[in-house]
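Since this is a predicted model, take the numbers as computed values, not measurements.
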Amino acid sequence: MNKINPFTPGAPVPTGLFVGRIPAIDRLENALLQTRKSSPSHVMLTGERGIGKTSLLKLVRWFATGAIEVKSIKLNFLTVDVDLTPNTTQLNLIQRIQNAIQRELGQTEKA
């Protein structure tokens with residue numbers, strides 16, 4: 001019987017479809033908790049197109065923003081999305097991050 005891949009590029013899946021990803025999710029949860037304790041670690045998420053990277057990052061965002069608790073802890077990180085292109089320079093990347101942070105803060109902070 002063939003297995004069906006629920007991951008489609010551009011269409012993140014619900015969290016219940018992360019069967020077999022528990023070790024990866026645990027590593028990402030631990031990275032968030034370590035960051036919360038002022039000792040951040042770096043994570044690189046790689047894989048073939050359509051394997052579920054975007055869905056996994058969406059789950060991590062839910063953890064980071066407190067929408068889903070991590071090991072009984074509700075986190076409260078500010079998260080942003082930034083799109084990159086082959087022509088993105090370092091300065092342009094910094095500007096995009098700054099703009100994304102300002103947009104997010106504008107939604108959460110009162111003037």
Residues in side-chain contact (heavy atoms from CB on, under 4.5 Å) with N92, at least two apart?
-> T88, T89, Q95, R96
Test V80 against R103 for side-chain contact (heavy atoms from CB on, under 4.5 Å), laying out the working first.
-> CA-CA 9 Å; V80 297; R103 267 193 314 275; over 6 Å; no
One should read off an interatomic distance between I68 CD1 and E29 CD, to the nearest 0.5 angstrom, of 9.0 Å
Residues A100 and V82: closest non-hydrogen pair is CB-CG2, 4.3 Å
Any sub-3.5 Å donor-acceptor pair from K53's side-chain atoms to E48's backbone N or O?
-> yes
Nearest 0.5 Å, what's the CG-CZ distance between D26 and R21?
-> 13.5 Å
I73 side, atom CD1; R36 side, atom CZ - distance, nearest 0.5 Å | 5.0 Å
Out of curiosity, H42 NE2 to T35 OG1, how far, rounded to the nearest 0.5 Å?
-> 9.0 Å
What one should report as the nearest heavy-atom pair of Q34 and S39 is CG-O, 2.6 Å
What's the verdict on side-chain contact (heavy atoms from CB on, under 4.5 Å) for N99 and Q102, showing C-alpha distance, side-chain angles and the deciding distance?
-> CA-CA 5 Å; N99 291 339; Q102 288 175 339; 3.9 Å; yes
Do F77 and L32 touch side chain to side chain, with heavy atoms closer than 4.5 Å?
-> yes
Pairwise distance CG(L59) to CG(L28) - rounded to 0.5 angstrom | 8.0 Å
Could you tell me the separation between the CG atom of L93 and the CG atom of L84, rounded to the nearest 0.5 Å?
-> 5.5 Å
Identify the two heavy atoms, one from V43 and one from A31, that lie closest to each other, and give their separation to 0.1 Å.
-> CG2-CB, 3.8 Å
Could you walk me through whether L33 and K71 pass the side-chain contact (heavy atoms from CB on, under 4.5 Å) test, one step at a time?
-> CA-CA 9 Å; L33 292 174; K71 300 180 181 173; 3.9 Å; yes
Shared ILVMFWY cluster between I94 and L78, side chains joined below 4.5 angstrom?
-> no
Can you name the closest pair of heavy atoms from S38 and P40 and give their distance?
-> C-CD, 3.5 Å
Yes or no on side-chain contact (heavy atoms from CB on, under 4.5 Å) for L57 and L45, after CA distance, side-chain angles and deciding distance?
-> CA-CA 9 Å; L57 287 173; L45 188 59; 3.7 Å; yes
